[in-house]
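Let me begin by presenting the structure, written as structure tokens, before commenting on it.
Remember, it's 1-based here, ligands and their atoms both numbered in the order they're listed. Throughout, residue positions are numbered sequentially from 1 according to the sequence presented.
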Amino acid sequence: MKKAWINGRVLTGAEGTDPQPLEILTEAGRIVDLAPAVDRNGAELVDCGGALVTPALVDCHTHLVHGGDRAREFEMRLDGASYEDIARAGGGIVSTMRATRACSVDDLVASALPRLDHLLAEGVGTVEIKSGYGLRIETELDMLRAARRLAELRPVRVVTSWLAAHALPEDYKGRGADYVADVAIPGLEQAVAEGLVDAVDGFCEGIAFTVEELEPLFEAARAMGLPVKLHAEQLTRSGGTQLAARHGALSVDHLEYATAEDAAAMAAAGSVAVLLPGAYYMLREEQVPPVQALRAAGVPIALATDCNPGTSPVTSILMTLNMGAVLYRLTVAECLAGVTAHAARALRLGAETGRIAPGLSADFALWDAALPANLVNRIGFNPLKARVFKGDFV
Ligand code: DI6
Ligand code: FE
């Protein structure tokens, strides 16, 4: 069935902030034409009523599936404990591990659904979801089974990442290399056999894994034909960006402590910089990622919620846009590309979604907004009018 989407002010998601009076022709869930006047012959007319039409948003870095809650640790941080203090005392990621291990796949799905629904209500059409709170094979697999299930329960595209190398459980304390060899790599093989994994991620940090420990995991990933990505230079400069770039990473994420040299390595590797201002804000971080160096090197910048129970309990992609602009001084155009075209590229979906262009999936968000800047400048206001996924209103 053909549909002609008319009377929209279209922002294609590639560049800029000037919506164009374009019509979109879709067929069988895909965009087949984009023009001032498309051929309406045989097409159902869909009147967008003057709405701002953007690509459906892409949240390219989340830990949406997990058990439990960390509000107690939030209170501890208000009392002066640092994130690293709490992690070293058995809190942090490991406390969410305990809660997650106690959950069934059904429990994980049930607790993730309201978070997912919050993202969808703000125009998200594609979401990346990581494992990383099981820290043992069975629970890591369950997290990704839950992620895949979410895509059956809601009209959304889910992309998964294997993040078994997120933290060390008690029984592997001080033995990162053993954990990678015993859990992260064999678990990945099982996850791949079950069709659960789209990419492999890791946390390269003083409180997590070193470059040397992650290297064999990335080698194994690439031998299995999987792309890699990495949490790097979030709390300290650990050299993870160089590791990721050597392995042609899809993205390098966080990057507060990255350098101009790191930006150059990312540019050469074609990696996207995924900035996560929610975590920066929650940790009261003071070091801003090297935005100017990323721009100068021509590295595409994406923005994501990092939705997780500890450092970024954020389920608002619109709030994330505002934080990207205010805290990192990104322009409105950069913010919008950061949750559309560049975010899709970070998920290797640049030819599938994140832009309005012929050949791509018909994933749109319709907004009651005069200007694209209205999606960025307001806090706590959601102007979404409608969401379209694969050519249908949802
Ligand atoms: N960096 C983060 O910000 C999250 N994971 C990571 O590697 C934090 C996850 C958590 O604290 O639960
Ligand atoms: Fe993260």
Side-chain angles (χ1 to χ4, degrees), residues 59-74 76-77 81-101 111-112 115 127-135 139-140 143 147 159-169 176 184 199-210 213-214 217 228-236 238 240-241 244 249-258 273-285 287 289 302-315 320 323 343 346-347:
D59 192 352
C60 67
H61 179 139
T62 87
H63 309 250
L64 199 78
V65 169
H66 61 80
D69 179 79
R70 300 245 291 281
R72 280 296 313 163
E73 290 181 13
F74 174 70
M76 286 163 68
R77 290 214 308 275
S82 76
Y83 179 63
E84 283 135 308
D85 292 339
I86 292 171
R88 291 211 170 82
I93 293 171
V94 171
S95 84
T96 299
M97 174 204 81
R98 285 189 291 270
T100 303
R101 285 183 176 184
S111 69
R115 294 189 281 270
V127 60
E128 185 261 13
I129 301 178
K130 303 173 192 302
S131 72
Y133 290 117
L135 310 183
T139 311
E140 290 289 310
M143 289 182 71
V159 176
T160 58
S161 301
W162 177 257
L163 179 60
H166 191 199
L168 282 169
V200 173
D201 197 350
F203 187 18
C204 190
E205 189 61 61
I207 55 169
F209 293 85
T210 65
E213 289 162 351
L214 291 167
L217 174 65
V228 302
K229 57 175 74 177
L230 191 63
H231 290 68
E233 336 300 354
Q234 179 188 6
L235 309 169
T236 55
S238 61
T241 305
L250 284 178
S251 69
V252 190
D253 302 31
H254 284 289
L255 294 170
E256 279 82 342
Y257 289 84
V274 177
L275 304 185
L276 306 165
Y280 168 95
Y281 167 83
M282 285 295 293
L283 295 173
R284 298 177 199 270
E285 179 58 64
Q287 172 110 356
L303 281 172
T305 60
D306 196 15
C307 174
N308 77 64
T311 58
S312 191
V314 173
T315 45
T320 302
M323 289 192 286
L347 300 178

How far apart are the C-alpha atoms of L283 and R77, what are their side-chain angles, what is the distance that settles it, and do they pass the side chain to side chain contact (heavy atoms under 4.5 Å, CB included) test? CA-CA 9 Å; L283 295 173; R77 290 214 308 275; 4.2 Å; yes

Is H63 close enough to the Fe ion (ligand 2) to have an N, O or S atom under 2.8 Å? yes

From V65, N308, L163, T139, residue fulfilling side-chain contact (heavy atoms from CB on, under 4.5 Å) relative to Y133: N308

Answer with side chain, backbone, both or neither: which part of D306 has a heavy atom less than 4.0 angstrom from an atom of ligand 1? side chain

heavy-atom search around atom 5 (N) of ligand 1 in the protein gives H166 NE2, 2.8 Å

Got a sec: is D253 within less than 2.8 Å of the Fe ion (ligand 2) via an N/O/S atom? no

Among non-hydrogen protein atoms, atom 1 (N) of ligand 1 lies closest to Q234 OE1, 3.0 Å

Donor + acceptor pair across side chains of H231, D253 (<3.5 Å): no

Which residue and non-hydrogen atom of the protein lie closest to atom 2 (C) of ligand 1, and at what distance in Å? T311 OG1, 3.5 Å

Counting from 1 in the order shown, the ligand 1 atoms closer than 4.0 Å to a non-hydrogen atom of Y133 are 9 (C), 10 (C), 12 (O)

Where's the contact between H63 and ligand 1, heavy-atom distance under 4.0 Å: side chain, backbone, both or neither? side chain

Just by distance, do the side chain of E233 and the backbone of S238 share a donor-acceptor pair under 3.5 Å? yes

With a cutoff of 4.0 Å, is R70 in contact with ligand 1, counting heavy atoms of the residue only? yes

Could you check if a side-chain atom of T160 sits within less than 4.5 angstrom of a side-chain atom of E128, using non-hydrogen atoms only? no

Considering the heavy atoms of H231, write down every atom of ligand 1 situated less than 4.0 Å from one of them. 1 (N), 6 (C), 7 (O)

Has the side chain of W162 got a donor or acceptor atom that lies under 3.5 Å from a matching backbone atom of E140? no

For H66, state whether at least one heavy atom is located under 4.0 Å from any atom of ligand 1. no

Using a distance-only test with no angle check, is there a side-chain donor-acceptor pair under 3.5 angstrom linking E205 and Y257? no

Report yes if some heavy atom in the side chain of K130 is under 4.5 Å from a heavy atom in the side chain of H166; otherwise report no. no

Within the structure, is a non-hydrogen atom of I93 found at a distance of less than 4.0 Å from ligand 1? yes

Given E73, H66, R101, the one that forms side-chain contact (heavy atoms from CB on, under 4.5 Å) with T96: H66

Nearest non-hydrogen protein atom to atom 11 (O) of ligand 1, with distance, is Y83 OH, 2.5 Å

